[in-house]
Amino acid sequence: MKTEEIISRLEELNRTSQELDMSEKDRLTLLESVSNYSNDFINNLSRSPAFSSKPVTGLEITTQKKPIEDLLDLYRKQVAENGINAASGKHLGYIPGGGVFSAALADFIAAVTNPFASVYYASPGAATIENEVVNWLRKLFSFPENSTGCLSSGGSISTLIAFTAARDRHKIKNELIRKSVIYLSEQVHHSTQKALRIIGLEDIIIRYVDLDANHRMLPQSLQKLISADLAAGLNPFMVVATAGTTDTGAIDPLDEIAETAENHKMWFHVDAAYGGFFIMTSKKEKFRGIERADSMITDPHKGLFIPYGVGAVVIKDGAAALHSHYYTANYMQDGANEEMLKSPANVSPELTKHFRGLRVWLPLQLHGTAPFAACLEEKLLLLAYFRKKLSALGFCLGPEPDLSVSYFWYPFESHSDAKNRRLMEEIHADGSVFLSSSIINDRFVIRIAILAFRTKKETIDEAVEMIIKCLAKVRATN
Ligand SMILES: *Cc1c(COP(=O)(O)O)cnc(C)c1O
């Protein structure tokens with residue numbers, strides 16, 4: 001191609017590609033549409049159902065351009081108004097969270113400026129913001145100053161990072177895998193077993209520790225299992241405790257488990273994905289011992305109400321975390337001299353990634369921590385309020401939880417499981433408030449998980465009204 005040809009072709013391509021770098025006027029118009037849409041969505045939340053379900057259509061990508069108003073309308077119908085409305089305070093199933101608005105704006109800024117947050121050299125400020133969030137967590141959970149960690153996409157990836165460091169620190173490979181033992185509770189989140197499989201520990205021996213009536217691990221049972229395994233020539237390697245079980249809201253006795261783990265030089269991991277931030281509430285004492293863990297995870301997209309897509313892991317032994325995750329390459333040489341732990345990429349499987357530190361850092365700076373703590377304290381009280389209401393209606397309740405997840409069932413005279421299942425179906429068909437179910441001690445139960453920042457007393461009153469209505473329906477068709 002001649003130079004003139006290249007230039008003329010470039011001019012032609014620019015006319016089409018220029019669309020991506022919008023003018024200020026077009027940016028403002030687009031922002032206004034998105035802002036209007038967001039405001040409508042939030043303003044209507046309390047009137048919108050928490051759950052509905054319909055087939056999804058019209059989302060395929062074609063070569064056609066479409067106006068933003070059409071796209072927002074499509075989004076509203078196919079995404080926002082379909083499935084569980086997870087931004088709603090009426091989402092009381094699984095583990096809710098919410099999506100605080102200031103975090104959404106932080107995402108906006110992060111995306112507009114697009115810093116390369118995983119390498120300190122590339123963006124010292126962005127890397128430091130991520131590290132400061134980890135630092136804040138380290139202090140919140142009283143981990144020592146030289147602990148490390150990073151922000152991940154969520155609890156599952158955080159678990160993966162922590163377990164990999166544990167595996168490598170204890171050199172669990174080859175023949176040792178089949179002789180090594182990990183101790184869990186039946187109430188552990190399934191991401192635990194999934195992580196073991198992903199990191200090549202599928203053949204490790206898993207022991208389930210007995211639980212007390214409140215679904216907490218019994219330290220004596222743990223000790224007994226370890227002793228028997230040692231006597232059999234096995235290698236007790238790791239114990240996983242949970243601070244806030246997903247199904248039952250229980251906190252394992254962390255301090256006693258830490259003691260046992262230390263005595264046997266095992267890796268102690270605490271899964272605080274759901275429950276961690278309740279350490280900011282009157283429940284703080286129940287977390288005693290978490291600071292003795294070798295690693296812990298917690299999910300800002302649960303207990304800090306940040307939109308989905310941010311988890312955190314804190315690891316005491318920085319060298320172990322680095323050993324598993326540090327790697328270098330020729331094209332990274334300009335950044336190689338920076339202190340390694342300053343770069344999030346060195347303790348994570350991720351390199352290029354979303355600058356997710358800002359969506360936690362900005363809301364904490366903007367609002368201060370008090371509203372977050374108050375919101376969590378409120379959730380604890382709302383759960384107590386809900387349990388009192390249900391008990392007065394004749395429902396059976398699970399044991400008093402440590403945190404804000406509980407379960408219940410109605411004691412129908414016959415076919416109790418089947419009728420509670422029908423009650424669950426009626427609740428889902430109603431959809432005004434969303435609850436989910438589980439099987440606990442072989443019984444079908446309905447769960448309530450109060451964690452969304454928009455869940456208020458009125459929401460719980462609405463939930464109780466709905467349950468009364470649905471119960472009457474099940475009883476009428478007896
Ligand atoms: C939600 C949860 C997880 C998994 O976290 P994700 O962010 O969904 O990947 C792990 N453990 C517990 C206790 C949880 O509640």
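Small disclaimer: the values here were computed from a predicted structure and weren't measured. Note that ligands are numbered from 1 as they come in the structure, with each ligand's atoms numbered from 1 the same way.
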Colleague: Minimum heavy-atom separation for Ser432 and Met466, please, with both atom names.
Modeller: OG-SD, 3.5 Å
Colleague: Hey, is Arg443 close enough to Asp417 for a salt bridge, meaning N to O under 4.0 Å?
Modeller: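 Salt bridge: no.
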Colleague: Test the Lys302-Phe277 pair against the cation-pi criterion, namely NZ or CZ under 6.0 angstrom from the six-membered ring centroid and within 45° of the ring axis.
Modeller: no
Colleague: Can a side-chain donor-acceptor contact be found between Ser227 and Gln223 if the only test is distance below 3.5 angstrom?
Modeller: yes
Colleague: Could Glu259 and Arg292 be called an ion pair, given the rule that one side-chain N must be under 4.0 Å from one carboxylate O?
Modeller: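 Answer for the salt bridge query: yes.
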Colleague: Is a donor on one side and an acceptor on the other found under 3.5 Å between the side chain of Ser343 and the backbone of Tyr120?
Modeller: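 Looks like yes, one N/O pair under 3.5 Å.
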Colleague: Can you tell me which residue and heavy atom of the protein come closest to atom 4 (C) of ligand 1, and the distance to 0.1 Å?
Modeller: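 Looking only at protein heavy atoms, the one closest to atom 4 (C) of ligand 1 is His189 CE1, 3.5 Å.
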Colleague: If the cut-off is 4.0 Å to any non-hydrogen atom of Asp299, which atoms of ligand 1 fall inside it?
Modeller: 5 (O), 6 (P), 7 (O)
Colleague: Among all protein heavy atoms, pick out the one at the shortest distance from atom 13 (C) of ligand 1; state its residue, atom name and that distance to 0.1 Å.
Modeller: Thr246 OG1, 3.3 Å
Colleague: At a 4.0 Å threshold, what atoms of ligand 1 neighbour a non-hydrogen atom of Gly155?
Modeller: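 So the atoms of ligand 1 that pass are 5 (O), 6 (P), 7 (O), 9 (O).
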Colleague: Note the single closest protein heavy atom to atom 11 (N) of ligand 1, along with its residue, its atom name and the distance in Å.
Modeller: Asp271 OD2, 2.6 Å
Colleague: Could you tell me which atoms of ligand 1, counted from 1 in the order shown, lie closer than 4.0 angstrom to a heavy atom of Ala273?
Modeller: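 Once the distances to Ala273 are compared, the set is 2 (C), 3 (C), 10 (C), 11 (N), 12 (C), 14 (C).
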Colleague: What are the atoms of ligand 1, with element, lying closer than 4.0 Å to any heavy atom of His301?
Modeller: 7 (O)
Colleague: Side chain, backbone, both or neither: which applies to Ser156 and ligand 1 if a contact is any heavy-atom pair less than 4.0 Å apart?
Modeller: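 Near ligand 1, Ser156 shows its backbone as well as its side chain.
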Colleague: So, are Arg356 and Glu350 salt-bridged, with charged N and O less than 4.0 Å apart?
Modeller: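 Judged by the 4.0 Å cut-off on N to carboxylate O distance, Arg356 and Glu350 do form a salt bridge.
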Colleague: Determine, for Lys283 against Asp402, whether the closest basic-nitrogen to carboxylate-oxygen distance falls under 4.0 angstrom.
Modeller: no
Colleague: Under 4.0 angstrom from ligand 1, any heavy atom of Ser191?
Modeller: yes
Colleague: Could you tell me, atom by atom, which parts of ligand 1 come under 4.0 Å of a heavy atom of Gly154?
Modeller: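 This gives 7 (O), 9 (O) as the contact atoms.
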Colleague: Atom 2 (C) of ligand 1: which protein heavy atom is closest, and how many Å away?
Modeller: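 It is Lys302 NZ, 2.3 Å.
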